[in-house]
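What follows is a single structure, written as structure tokens, with notes after it.
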Amino acid sequence: MLVYPSSIDLSTRTLRFLAGQLTARRRDIGRRWRRLPVARQALLALAHLRCGDTYAQLAAGFGIGIATVYRYIREAIEVLAALAPTLTEAMKTIRTKAFVILDGTLLPIDRIAADTPYYGGKHKRDGMNVQVLTGPFGRLLWASPALPGSTHDLTAARQHGIIDALAAAGPKCWADKAYQGAGRPVRVPFRGRHLKQWKRRHNTTHAKIRCLGEQAMATLKGWRLLRKLRCSTNRITNIVKAVLVLHHASA
């Protein structure tokens, strides 16, 4: 197998952060020797999450076995996921914001067509539904656990308790038409083809505000592993949480 050097479009700050967390992890479990030092393990995990490199590619590049690559990546993801903010913790930050944007995205997965619960009718593909809260400047604040792709955005938001949390916290929240019926805390555009002029102006202003949420989605999809997940669906929530923590650490 040919091996070549590559690059990761992340700062050394992100690498140092993850290496520090892995160092604390090794200290807690009391293991002194590993095939890779913490800095190399952190680089391995970042290459997988950011670049989407496969286990086989990483095993060849780092000179270790595929099983070892799997263990190292899983350990790093679990360490990071444990640091992810809960919805309650995120609301403390959200209360200080002028407004937030609520949106949902479908993370594509490698599943057969027979897996009906994972098929998202809106995107016409299999995936996992993730709800995202974004700040006024497009900064990703919180990401929900992953649900099967057939789950409607409004249903997912209610299931995660987002609507109730927003109502209690009191910030203005902007969302698209998928959240029609969410109630007072969530502002959605008017529906219909033949709208009055003031309603069309409202929808234009609404779209300009809500488009900031697309920046957060682009940030999320900037981690190439999330563009096509080939792992068990039970692991996707932790992967999303790990990406969220790394995003906050690099800011």
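Computed from heavy atoms alone, side chains included, the values below leave out hydrogens, waters and symmetry copies.
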Next item on the list: Kindly determine whether Val188 and Lys177 satisfy side-chain contact (heavy atoms from CB on, under 4.5 Å), including the steps that lead there.
Entry: CA-CA 6 Å; Val188 297; Lys177 296 177 182 178; 5.9 Å; no
Item checked: Exam field: side chain Ser250 to backbone Leu246, donor-acceptor pair closer than 3.5 Å -> yes
Check: Any side-chain heavy atom of Pro108 sitting closer than 4.5 Å to one from Leu229?
Finding: no
Margin query: Given 3.5 Å as the limit, does a donor-acceptor pair link the side chain of Thr23 with the main chain of Ala19, or not?
Written below: yes
Check: Are the side chain of Asn129 and the backbone N or O of Thr151 linked by a donor-acceptor pair below 3.5 Å?
Finding: yes
Notebook entry, point to check: Does Ile94 share a hydrophobic cluster with Leu102, counting links as ILVMFWY side-chain heavy atoms below 4.5 Å and allowing steps through other members?
Noted result: yes
Notebook entry, point to check: Does some side-chain heavy atom of Arg40 sit less than 4.5 Å from a side-chain heavy atom of Leu44?
Noted result: no
Next item on the list: Apply side-chain contact (heavy atoms from CB on, under 4.5 Å) to Ile162 and Val186, showing your working.
Entry: CA-CA 10 Å; Ile162 300 173; Val186 180; over 6 Å; no
Check: Hey, does the Lys NZ or Arg CZ of Arg187 hover above the aromatic six-ring of Trp174, less than 6.0 Å from the centre and inside 45° of the axis?
Finding: yes
Next item on the list: Could I get the full list of salt bridge (Lys or Arg N to Asp or Glu O under 4.0 Å) partners for Arg25, not counting sequence neighbours?
Entry: Glu75
Item checked: Inter-residue atom distance Gln215.CD - Thr134.OG1, 0.5 Å rounding -> 9.0 Å
Margin query: Quick check for you: to the nearest 0.5 Å, what is the distance between Asp176 atom CG and Asp153 atom CG?
Written below: 6.5 Å
Check: Quick one: does Arg227's side chain have a donor or acceptor within less than 3.5 Å of a partner on Lys221's backbone?
Finding: yes
Notebook entry, point to check: Listed by chain and number, what are the side-chain hydrogen bond (donor to acceptor under 3.5 Å, both in side chains) partners of Ser144, not counting sequence neighbours?
Noted result: His160
Checklist line | Met217 reachable from Leu141 in the ILVMFWY side-chain graph, under 4.5 Å edges | finding: no
Next item on the list: Locate the shortest heavy-atom distance separating Leu106 from Gly149; write the atom from each residue and the value.
Entry: CD1-CA, 3.5 Å
Notebook entry, point to check: Is any side-chain heavy atom of Met91 less than 4.5 Å from a side-chain heavy atom of Leu166?
Noted result: yes
Margin query: With heavy-atom distances below 4.5 Å as the criterion, would you say the side chains of Leu49 and Ile239 are in contact?
Written below: yes
Next item on the list: Report the C-alpha separation of Arg26 and Gln41 in whole Å, then their side-chain angles, then the decisive distance to 0.1 Å, and conclude whether the side chain to side chain donor-acceptor pair (under 3.5 Å) test is met.
Entry: CA-CA 12 Å; Arg26 293 190 183 187; Gln41 182 183 356; 2.7 Å; yes
Note to self: Could you see if Leu43 belongs to whatever hydrophobic cluster contains Trp223? Use Ile, Leu, Val, Met, Phe, Trp, Tyr and a side-chain cutoff under 4.5 Å.
What the structure shows: yes
Item checked: Main-chain N/O of Phe190 paired to Asn203 side chain as donor or acceptor, under 3.5 Å -> yes
Margin query: Donor-acceptor check, side chain of Thr96 to backbone of Lys92, threshold 3.5 angstrom: yes or no?
Written below: no
Margin query: Which heavy atom of Lys241 sits nearest to which heavy atom of Ala84, and what is that distance?
Written below: CB-CB, 3.7 Å
Donor-acceptor pairs are to be reported for all side-chain atoms of residues 64-71 against protein atoms at under 3.5 Å, with residues two or more places apart or in another chain.
unit_1, atom_1, unit_2, atom_2, d
Thr68, OG1, Arg71, NH2, 3.4
Tyr70, OH, Arg74, NH1, 2.5

Next item on the list: Taking all non-hydrogen atoms of both residues into account, name the closest pair between Ile8 and Leu46 and its distance.
Entry: CD1-C, 4.1 Å
Notebook entry, point to check: Any side-chain heavy atom of Phe99 within less than 4.5 Å of one from Pro171?
Noted result: no
Notebook entry, point to check: In terms of hydrophobic clusters joined by side-chain contacts under 4.5 Å, are Val243 and Ile109 together?
Noted result: yes
Item checked: Path from Leu80 to Leu36 over hydrophobic side-chain contacts below 4.5 Å -> yes
Note to self: To check you understand the geometry: which heavy-atom pair defines the closest contact between Pro189 and His202, and what is its length?
What the structure shows: CA-CE1, 4.5 Å
Check: Do you know which two heavy atoms are closest between Gly181 and Leu154, and how far apart they sit?
Finding: C-CD2, 4.3 Å
Checklist line | Heavy-atom side-chain proximity of Phe17 to Leu83 below 4.5 angstrom | finding: yes
Margin query: So, taking the atom named CZ in Arg50 and the one named CG in Leu226, what distance separates them when rounded to the nearest 0.5 Å?
Written below: 10.0 Å
Note to self: Within this structure, what is the CD-CD1 distance for the pair Gln131 and Ile163, rounded to the nearest 0.5 Å?
What the structure shows: 8.5 Å
Checklist line | Residue pair Cys173 / Ile101, side-chain heavy-atom distance below 4.5 Å | finding: no
Notebook entry, point to check: Given the rule in the ring pair (Phe, Tyr, Trp, His ring centres under 6.0 Å) test, do His48 and Tyr55 qualify, once you have shown the distances and angles that lead to the verdict?
Noted result: CA-CA 8 Å; His48 180 65; Tyr55 294 159; 5.3 Å; yes
Item checked: Interatomic distance, Asp126 atom CG to Leu107 atom CG [nearest 0.5 angstrom] -> 13.0 Å
Note to self: Can a donor-acceptor pair be found, under 3.5 Å and without considering hydrogens, that links the side chain of Thr204 to the backbone of Arg200?
What the structure shows: yes
Note to self: Just so I know, are the side chains of Met128 and Leu147 near enough to count as touching, which here means a heavy-atom distance under 4.5 Å?
What the structure shows: no
Notebook entry, point to check: Can you tell me how far the CZ atom of Phe62 sits from the CD atom of Gln57, to the nearest 0.5 Å?
Noted result: 11.5 Å
Margin query: Between Arg13 and Ala249 (side chain of the first, backbone of the second, donor and acceptor by atom type, cut-off under 3.5 Å), is there such a pair?
Written below: yes
Margin query: If we ignore hydrogens and angles and just use 3.5 Å, is the side chain of His248 paired with the main-chain N or O of Leu140 as donor and acceptor?
Written below: yes
Next item on the list: For Tyr179 and Ala157, work out which heavy atoms get closest and say how close.
Entry: CE2-CB, 4.0 Å
